[in-house]
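All values below come from the heavy atoms of this structure, side chains included, with hydrogens, waters and symmetry mates left out.
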Amino acid sequence: MAIIKKTRERTRERTRTRTTPDHVDMANRMPNNNVMKCFTAVFKPLIFTQLVLCTILLWTQVDVSNHCSYAKCIVCNEPSKMPILRLWSSTELPDYFDNIQNIFNRLGYRNQPMSGSPSWDVYWCHEYPGREFFSRFVNARRSTDPAYQKVNHFPGIGEIVTKSRLVKEGGKFIPPAFLIPEEKDAFFKEVNDNAAKNRTWMQKGRHQGGVLIKDTKDLDLKSPTIIQEFVANPFLIEGYKFNMGVYIVLTSIDPLRAYILDSTVSLRFGGKKYIHGNYVDGTTYNTDIKGRQMSYSIASIWTKLKRFAYGRIKTLNHHFQEKGNSSIVRKQIYEAVRDVLVTRERPMQLHKNSPPNSNNLQGIFFEIMRCDFLIDDNLGVHLIEINMSPDLSADSHPSEKIFKEHVGFNCFHGPLLTDVRKHGVRSSSLSSLRVSDINAGIAVCYNQKCVECQEKDCSICTHCMSKEAVYMIKLAYAEHINRQNLRRVYPEEMTREEAVTYDDTEDVNLSVNNRLTRAWFRAKCIGDSYWCN
């Protein structure tokens, strides 16, 4: 025991007296205590002042978004270094603007009143702003060239979203419809020629309003309305009729580029259970705005959404699977959206020069729309209408608020991040893209024939593109990498096998820009599966 005790004492003594040169050197490099005190005395009050300022702003309910970034709420940013959101409405700003502001604030934007500086980054219009606004915008752009600015409506978007134009053009997925009173005779001819089919017809307003189902003899044939065939065999969930809203982001008209939000849909149910043939009570077949709340009252829907966290897409697919392959519905929706956009592309392009000299506004406009679909009991898809500026207001139900924020964040994210203002310096993020980023078709472009751009296949080679074409491809590239949960609906995504075997002779009727964009996406897919479906 004595030996152990002496060993421990010697060990402790060596530990106390050990001072290596490293320890001495570190001790010599430590700052003087007085210097540390001086440093703390100078900078601690500054940090404390920032905390107090942000606390006061929150306490007094000042518009914090103008002073503190949502991403860095404690450390205040200078407002001049934050991109600007400007909201416009011909009337008092609607309630749903509050949620739009919140989404943009989370993306790092600050709000600016209409009376503020003419400088802005995103101009969000509730209604279609009209020719006068576009004229002012084009004139301002010619003088300042603000390439970073974005406007949430295309000139001529009414060619797609106006009910009368949509039904007049028709399509594979749009139920037959007639404009009254202009097409009254055509309507009666359709009824008489197909009397054996015993079809049901509904009447609705050309702009807004509910749907009424009446006998043919009771229809109003004098007021400007739309008479359309009623889908009498809707797919039901626990006896309730519903429609599903699919969100579309349109980023370009020429070339046509459009995306579908593939992660969720809006759901609206009838107020009461649907009874086939009994149309006295309109709440059984009308799926209005109040029907959004119904999805939280239907047990099979709410259980999957809340308890199992399935999400709306998986919940609907589970119900569709009982009737057959749920992927059929998704495929038809993509086809229906693509069909409408391609059909209305040419009429919309006529608005490119309205106002004059606006044909160089590539990448400035974007559009968020909602396509409302009805699914029948055979899993057939019917496009009912397309809405411009879909409602993104936060409803009273907490889940609905989260849903709207998800829609807004994903739909705003892709088109807004192609050109942004960073750190107070207004510049194009596209300028940071290298030519190697957008290069495609290496095997083609390094062929001897493409050195001098002699073949049509060489059009996808950057050294064969015009300056405008390179910028167009850069926009397509930036949208793809920033797309979040958006999926490209046009040009349609392909598998690698489809891209390799695709017959481009089908594209001869497309515009030059559409042919180039499709060929470029196809070449990117062949070279890298990241660009494939």
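Side chains of Asn533 and Thr495: no donor on one and acceptor on the other come within 3.5 Å. A side-chain N or O of His406 and one of Ser263 form a donor-acceptor pair less than 3.5 Å apart. A donor-acceptor contact under 3.5 angstrom links the side chains of Glu190 and Asn194, judged on distance only. Neither side chain, Tyr334 nor Arg338, offers a donor N or O lying under 3.5 Å from an acceptor on the other. A donor-acceptor pair shorter than 3.5 Å can be found between the side chains of Asn233 and Asp377.
Seen from the ring of Tyr259, Arg483 does not count as a face-on cation partner, given the 6.0 Å and 45° thresholds.
Of all non-hydrogen atoms in Arg370 and Ser266, the two that sit nearest each other are CD-OG, 3.6 Å.
At least one donor-acceptor pair under 3.5 Å links the side chain of Asp376 to the backbone N or O of Leu379. In this structure, Asn243 contributes its side chain and Asp372 its backbone to no donor-acceptor pair below 3.5 Å. Of the possible polar contacts, one joining the His276 side chain to the Ala232 backbone as a donor-acceptor pair under 3.5 Å is found. Glu367 contributes a side-chain N or O that, together with a main-chain N or O of Phe154, makes up a donor-acceptor pair within less than 3.5 Å. In this structure a side-chain-to-backbone donor-acceptor pair under 3.5 Å is present from Asp121 to Ile84. The backbone N or O of Gln484 sits nowhere less than 3.5 Å from a side-chain atom of Asn410 that would complete a donor-acceptor pair.
For Phe366 and Phe412, the ring centers are positioned 6.0 Å apart or more.
One finds no salt bridge joining Arg515 and Asp504 here, because no Lys/Arg side-chain nitrogen approaches an Asp/Glu carboxylate oxygen to under 4.0 Å. Using a 4.0 Å cut-off between charged side-chain N and carboxylate O, Arg206 and Glu182 make a salt bridge. A salt bridge between Glu385 and Lys204 is absent, with no side-chain N of the basic residue lying under 4.0 Å from a carboxylate O of the acidic one.
Here the two cysteines Cys464 and Cys450 have their SG atoms 2.5 angstrom or farther apart.
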For residues 168-178, please give each side-chain donor-acceptor pair under 3.5 Å, one per line with the distance, not counting sequence neighbours.
from: Glu169; atom 1: OE1; to: Arg344; atom 2: NH1; distance (Å): 2.9
from: Lys172; atom 1: NZ; to: Glu335; atom 2: OE2; distance (Å): 3.2

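Screening residues 488-526 for disulfide (SG to SG under 2.5 Å), with sequence neighbours left out, gives Cys525-Cys532. Contacts classified as disulfide (SG to SG under 2.5 Å) and involving residues 157-192 (residues at least two apart or in different chains) are not found. Applying the ring pair (Phe, Tyr, Trp, His ring centres under 6.0 Å) definition to pairs two or more places apart or across chains, those involving residues 473-504 are Tyr477-Trp531, His480-Tyr530, His480-Trp531.
For the pairing with Glu479, the salt bridge (Lys or Arg N to Asp or Glu O under 4.0 Å) check across Arg257, Arg487, Arg488, Lys474 returns one residue only, Arg257.
Within a 6.0 Å sphere centred on CD of Glu322, heavy atoms belonging to other residues, nucleotides or ligands number more than 12.
Scanning for salt bridge (charged side-chain N to carboxylate O under 4.0 Å, His left out) contacts around Arg165 gives Glu159, with sequence neighbours left out. Residues passing the side chain to side chain contact (heavy atoms under 4.5 Å, CB included) test with Thr501, sequence neighbours excluded: none.
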Which is it for Arg106 and Glu405 under the salt bridge (Lys or Arg N to Asp or Glu O under 4.0 Å) test, yes or no, and what are the steps along the way?
-> CA-CA 10 Å; Arg106 291 175 60 187; Glu405 289 181 349; 3.2 Å; yes

